[in-house]
Amino acid sequence: MPPFQAPKGTRDLYPLDAARRRFITEAWRAASIRHGFDEIDGPTFEPLGLYTVKSGEGIVSELFSFRRAGGEDDYALRPEFTPTLARMYAAKAGSLPRPTKWFMAGPFFRAERPQRGRLREFLQWNADFLGLGGDPKTPEEVEAAKAAADAEIIATCVSLLASLGLKPTDVRIRVNHRYALSAWLTTQGVAPERQPDLFKLLDQRGKMPEAQFAAGLGAFGFSPQQAEVFQKGVVRITTDDPQARDSVLDLTLFSHAVLPLANQFAQMGIVDWIDFDLTIVRGLAYYTGMVFEVHEAGGAERAIAGGGRYDGLVELFGGPATPAVGFGMGDVVLALVLQDKGLMPPDASLLEAAGQRPDVFVLSNGTPQAEVWVRPIVAQLRAAGLHARHTYKATRNIGKLLKEAGDAHARVAVIIESPQQATLKDLGTGVQTPVPLAEACRTVQGLIAR
RNA sequence: GUGGCCAUAGCUCAGUUGGUUAGAGCACCGGGUUGUGAUCCCGGGGGUCGCGGGUUCGAGUCCCGUUGGCCACCCCA
């Protein structure tokens, strides 16, 4: 074993790995900005107490926490962004616009045992919509404004997925609504105090045999036949059929409660991506309304993203009561899904996406008079703002040097023939054109700009 | 945190019942031929076989431990 290696659950990123990651983070940023979110960030470590306030002391074993030698304060590497977000919002709430739309992308840390799709250090994209638009007054207006915000958050997520080449047949947004589910369950005879246990059962649906799941539901008064509705999970809701019914289980009340949301999805043109799913409950106690997860359509991999509405959280962190909705998406599962689907671009495009593709590769025909011009020409091109490279090899074999230029994915090669003359080669088309050396720099600029 | 599987070159792997200085392809580096990304030829660097201990005359090979990876559980903010 080498004396040092990357800590468990962390990654060394070599150039292509870094380009792959940048491909994802650039897509995150672009989707956020496209949808009108402003970028923020916070510290990568926080006082330990910031996390125990929301999640209890039990969370500590999942954190990387530490105390400075000789210090008295406990800190933790951030495992999530929401507490920082709530704190930042609370501190300036009075002067912030309503709604406030913020996003961030950065590293997070969790002291978990790593496995596929789950590491100890990862990148996460967060987008949050705090407050409501339209200054709603009546309860109906508030609900409508929340549905609009919920849908906007999901639309941002969909936009990102689509921008990476994913289609509704590849990934599904599975949406549920805590209040709607709860109210409906009450009408089905499940008392509110028993619902948390039912939620836990629903959450674990995929991890047990169907019979066991059905038996579990039996304890809450559902027949095996009715259990099938939960088994499938998916509820059909169409805007032109608000009275949609299921033959064995009357879901009218649930459907009615999520109709505003369904209408918003229709308006935003993302209904194709959405399934209403009774089994999406998410572990967190603080979700107060809509909750959603993004999954690979065939159930492969872990959840790609998850989020929901958390109307009480800003207040918990000392701010004014503020309705809020948001989500987080990690880079690890997303990258796996893109690879599974063959959507991770080939190296050349990756370099392009990362802004690292060389514009021009300079070489000479090997004669001493030409060779001395290589570095001055490279310097000129760089001074003109181009990404220019030359070889560090000893060989002056033109074939090998052109191979090197091609391997580097350069767009253009400049072959210096003499102190007066050069040949420009477009490495994409293979077309060569002679050009005076003095004009080479300007001509290359013209080619690149095109 | 619990349990299972795995570990030979940068990558993919071979390595006989335990038997000499541990191999191949690709990749990388250098040289050569053909003035053009190819092909071809020659050469090279790289491994204390993840690490540590044990059994043995002898361990890449068998045993134990450890580290890391993968998988399931827990959890998933």
Side-chain angles (χ1 to χ4, degrees), chain A residues 1-12 14-17 46 50-56 58-63 76-86 108-120 122 124 126 128 200 203-204 206-208 280-287 291 293 295 301-308 310 313 316 326-330 332-333 336 348 361 363-367 370 391-417 423-432 434:
Chain A
M1 183 174 54
F4 295 106
Q5 53 186 315
K8 181 195 291 202
T10 66
R11 298 169 283 184
D12 289 331
Y14 293 90
L16 276 175
D17 309 311
E46 293 272 15
L50 187 72
Y51 301 113
T52 54
V53 162
K54 190 189 95 182
S55 311
I59 196 71
V60 174
S61 65
E62 307 291 330
L63 301 178
L77 297 181
R78 63 182 180 192
E80 60 166 325
F81 194 64
T82 310
T84 302
L85 175 92
F108 290 87
F109 309 86
R110 297 178 187 176
E112 299 181 290
R113 189 132 171 195
Q115 52 186 277
R116 184 176 177 85
R118 188 163 81 173
L119 298 175
R120 291 185 157 191
F122 55 94
Q124 192 179 75
N126 287 267
D128 291 271
K200 194 170 174 69
D203 197 34
Q204 297 186 322
K207 294 186 176 174
M208 58 180 76
I280 299 296
V281 292
R282 299 195 54 72
L284 284 304
Y286 62 75
Y287 285 118
V291 290
E293 288 180 359
H295 287 264
E301 311 295 358
R302 296 167 173 280
I304 298 166
Y310 51 98
L313 213 55
L316 182 64
F327 73 92
M329 177 186 291
V332 183
V333 177
L336 287 172
F361 195 98
L363 59 146
S364 80
N365 63 357
T367 62
T391 191
Y392 291 94
K393 293 187 205 293
T395 183
R396 298 204 177 149
N397 180 316
I398 290 178
K400 287 198 172 172
L401 295 179
L402 283 171
K403 172 170 159 49
E404 186 180 350
D407 289 346
H409 306 292
R411 297 164 200 274
V412 178
V414 172
I415 306 167
I416 300 172
E417 308 289 359
T423 302
L424 257 53
K425 177 163 187 167
D426 183 318
L427 290 169
T429 62
V431 174
Q432 298 195 165

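Order of the sequence lines fixes the chain letters, A, B, ..., with proteins taken first and strands second; residue numbering starts at 1 for each chain.
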Chemist: Looking only at non-hydrogen atoms, find the nearest pair between A:Tyr51 and A:Leu63 and report the distance.
Modeler: CB-CD1, 4.1 Å

Chemist: In whole angstroms, how far is the C1' atom of B:G68 from the CD atom of A:Glu112?
Modeler: 18 Å

Chemist: Does A:Thr429 have any side chain to side chain contact (heavy atoms under 4.5 Å, CB included) partners at least two apart in sequence or in another chain, and if so, which?
Modeler: A:Asp426, A:Val431

Chemist: Taking the C1' atom of each, how far is B:A27 from B:G44, in whole Å?
Modeler: 14 Å

Chemist: Need one value for A:Gly328: base, sugar-phosphate or nothing, where a base atom within 4.0 Å counts as base even if backbone is also close, heavy atoms only.
Modeler: nothing

Chemist: Please measure how far the P atom in B:C28 lies from the corresponding atom in B:G54, and state the result in whole Å.
Modeler: 42 Å

Chemist: I'd like to check A:Thr82 versus A:Leu313 (side-chain heavy atoms, cut-off strictly below 4.5 Å). Are they in contact?
Modeler: yes

Chemist: At 4.0 Å (heavy atoms only), tell me whether A:Glu404 reaches a base, stays on the sugar-phosphate, or touches nothing.
Modeler: nothing

Chemist: Are A:Tyr287 and A:Val281 close enough that some pair of their side-chain heavy atoms sits under 4.5 Å apart?
Modeler: no

Chemist: What is the minimum heavy-atom distance between A:Tyr310 and A:Tyr286, and which atoms define it?
Modeler: CB-CD1, 3.5 Å

Chemist: The criterion is salt bridge (Lys or Arg N to Asp or Glu O under 4.0 Å); which residues satisfy it with A:Arg11, sequence neighbours excluded?
Modeler: A:Asp331

Chemist: A:Glu62: what forms a salt bridge (Lys or Arg N to Asp or Glu O under 4.0 Å) with it, not counting sequence neighbours?
Modeler: none

Chemist: Distance between the P atoms of B:G46 and B:G23, in whole angstroms?
Modeler: 14 Å

Chemist: Can you find a donor-acceptor pair, distance only, under 3.5 Å between A:Glu417 side chain and B:G35 base?
Modeler: yes

Chemist: What are the two closest non-hydrogen atoms of A:Ala370 and A:Asn365, and how far apart are they?
Modeler: CB-OD1, 3.3 Å

Chemist: For nucleotides 69-74 of chain B, print each protein N/O atom paired with a nucleotide N/O atom at under 3.5 Å, atom names and distance only.
Modeler:
from, atom 1, to, atom 2, distance (Å)
B:G69, OP1, A:Gly9, N, 2.8
B:C71, OP2, A:Arg116, N, 2.1
B:A72, OP2, A:Gln115, OE1, 3.2
B:C74, OP2, A:Lys207, NZ, 3.4
B:C74, N4, A:Arg118, NH2, 2.8

Chemist: Can you name the side chain to side chain contact (heavy atoms under 4.5 Å, CB included) partners of A:Arg118, sequence neighbours left out?
Modeler: A:Glu112, A:Gln115, A:Arg302

Chemist: For A:Gly117 and A:Val333, work out which heavy atoms get closest and say how close.
Modeler: O-CG2, 3.4 Å

Chemist: Take atom P in B:A59 and the same atom in B:G19, then report the distance between them in whole Å.
Modeler: 11 Å

Chemist: What distance, rounded to whole Å, do you find between the two P atoms, one in B:U48 and one in B:G10?
Modeler: 8 Å

Chemist: Could you measure between the two P atoms, the one in B:A24 and the one in B:G47, and give it in whole Å?
Modeler: 15 Å

Chemist: In dot-bracket form, 5' to 3', how is RNA chain B paired? Count Watson-Crick and G-U wobble pairs only if both distances fall under 3.5 Å, and write | where the partner sits on another strand.
Modeler: (((((((..((((.....[...)))).(((((.......))))).....(((((..]....))))))))))))....

Chemist: Ion pair present between A:Glu80 and A:Arg110, side-chain N to carboxylate O less than 4.0 angstrom?
Modeler: no

Chemist: Just to be sure I understand the rule, does A:Asn126 reach a base, reach only the sugar-phosphate, or reach nothing, if contact means heavy atoms closer than 4.0 Å?
Modeler: nothing

Chemist: Of all residues at least two apart in sequence or in a different chain, which pass the salt bridge (Lys or Arg N to Asp or Glu O under 4.0 Å) check with A:Lys403?
Modeler: A:Asp407

Chemist: Going by the rule salt bridge (Lys or Arg N to Asp or Glu O under 4.0 Å), which residues pair with A:Glu46 if we only count those two or more places apart in sequence or in a different chain?
Modeler: A:Arg87

Chemist: Find every protein N or O atom lying less than 3.5 Å from an N or O atom of nucleotides 25-31 of chain B, and list the pairs.
Modeler:
from, atom 1, to, atom 2, distance (Å)
B:C29, OP1, A:Lys393, NZ, 3.1
B:G31, N7, A:Lys400, NZ, 3.4
B:G31, O6, A:Lys400, NZ, 3.4

Chemist: Suppose we screen for side chain to side chain contact (heavy atoms under 4.5 Å, CB included). Which residues come up paired with A:Arg396, at least two apart in sequence or across chains?
Modeler: A:Glu371

Chemist: Of A:Arg396 and A:Thr82, whose nearest nucleotide on RNA chain B comes first from the 5' end?
Modeler: A:Arg396

Chemist: Between B:C76 atom P and A:Asp203 atom CG, what is the distance in whole Å?
Modeler: 8 Å

Chemist: Can you tell me, in whole Å, how much space there is between the C1' of B:G37 and that of B:G25?
Modeler: 23 Å

Chemist: Heavy-atom distance under 4.5 Å between the side chains of A:Leu363 and A:Thr391, does that happen here?
Modeler: no

Chemist: Base, backbone or nothing for each nucleotide of nucleotides 5-10 of chain B, written B, S, -, heavy atoms under 4.0 angstrom, 5' to 3'?
Modeler: ------

Chemist: Reckon A:Gln124 touches a base, only the sugar-phosphate, or nothing at all at heavy-atom distances under 4.0 Å?
Modeler: nothing

Chemist: Looking across every strand, which nucleic acid part, if any, lies under 4.0 Å from A:Ile415 by heavy atom: base, sugar-phosphate, or nothing?
Modeler: base

Chemist: Round to the nearest Å and state the distance from A:Asp426 atom CG to B:G37 atom C1'.
Modeler: 13 Å

Chemist: Return the 5'-most residue of the pair A:Leu402, A:Pro79 with respect to RNA chain B, ranking by each residue's nearest nucleotide.
Modeler: A:Leu402

Chemist: Send over the distance from A:Phe361 CZ to B:U36 C1', rounded to a whole Å.
Modeler: 13 Å

Chemist: With sequence neighbours left out, what residues match A:Arg120 under side chain to side chain contact (heavy atoms under 4.5 Å, CB included)?
Modeler: A:Lys8, A:Phe64, A:Pro114

Chemist: Could you give the NZ-to-P distance, from A:Lys425 to B:G37, as a whole number of Å?
Modeler: 6 Å

Chemist: Which of the following nucleotides, B:U36, B:C76, B:U33, is nearest to the side chain of A:Asn397?
Modeler: B:U33

Chemist: Without decimals, in angstroms, what is the distance between A:Glu293 CD and B:C76 C1'?
Modeler: 9 Å

Chemist: How far does the C1' atom of B:U8 sit from the matching atom of B:C73, given to the nearest Å?
Modeler: 32 Å

